[in-house]
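Numbering starts at 1 and runs along the sequence shown. We use all heavy atoms of the structure for the numbers below, so side chains are in, but hydrogens, waters and symmetry mates are not. First listed ligand is number 1; within each ligand, the first listed atom is number 1.
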Amino acid sequence: MNKMEIKISAMVENEALVRTAISAFALNINPTLDEISDLKTIVSEAVSNAIIHGYNKDSTKDVYIKAVIENQEIRITINDYGIGIKDLKSALNPHFSSKQDEEHAGMGFSIIKALSDDFSIRSEENIGTRVYIVKKFKKHYQKV
Ligand SMILES: Nc1ncnc2c1ncn2[C@@H]1O[C@H](COP(=O)(O)OP(=O)(O)OP(=O)(O)O)[C@@H](O)[C@H]1O
Ligand SMILES: [Mg+2]
């Protein structure tokens, strides 16, 4: 088992940092380019949700990212202590966005669901949101 944790200020600019850190961490399990690309997308969607929706881009607030690698899978939690989600069922609907007017397609959760092997959300209004994602990686034989 290998683990990592990062805490970032809720700034959109920090999304790239998290994406890069998680994909570098996942290099330990010898991923394909497609797997890394999916992982980056998943992480970006969840982190941007925490920053944009959870905290309304209040950069004095923090987003917490934890990842564990074990048995060819990575388990990630993305946690914010922001506004939370009042109606989780609607939020999970493709095309639902509370910020549709700001060019949000409402596709983030659908993308995460499609690209991950397991995905769950716990959220409470005015307490915060925790997104849990599992992504499995195939075993590859390395050429020497
Ligand atoms: N961390 C969060 N805190 C509070 N609300 C959230 C959080 N994550 C998601 N939501 C709510 O769930 C809705 C759906 O999220 P989703 O990522 O699917 O779409 P979006 O972010 O609105 O649009 P897109 O991801 O396509 O830019 C959001 O519009 C928001 O209302
Ligand atoms: Mg989103």
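Within 4.0 Å of ligand 1, contacts by protein heavy atoms are made from E45, N49, A50, H53, G54, D80, I83, G84, I85, A91, F96, S97, S98, H104, A105, G106, M107, G108, F109, T129.
E35 has no carboxylate O lying under 4.0 Å from a charged side-chain N of K135, or vice versa, which leaves the two without a salt bridge. Taking the charged nitrogens against the carboxylate oxygens, K3 and E5 have no contact shorter than 4.0 Å, which rules out a salt bridge.
Listed for the D87 side chain is a donor-acceptor partner under 3.5 Å among the backbone atoms of S90. Side chain of Y55 to main chain of Y81: a donor-acceptor pair is present (N/O by atom type, distance under 3.5 Å, no hydrogens or angles). Checking side-chain atoms of S123 against main-chain N and O of G128 turns up a donor-acceptor pair under 3.5 Å.
For Q100, the side-chain contact (heavy atoms from CB on, under 4.5 Å) test picks out S97, with sequence neighbours left out.
Around the CZ atom of R75, the shell of radius 6.0 Å holds more than 12 heavy atoms that belong to other residues, nucleotides or ligands.
Near the Mg ion (ligand 2), less than 2.8 Å away, sit the protein N, O or S atoms N49 OD1.
Here V68 sits in one hydrophobic cluster together with M1; the rule is ILVMFWY side chains under 4.5 Å apart, joined directly or through other members.
Checking R19 against S44 by side-chain atom types alone, a donor-acceptor pair falls below 3.5 Å.
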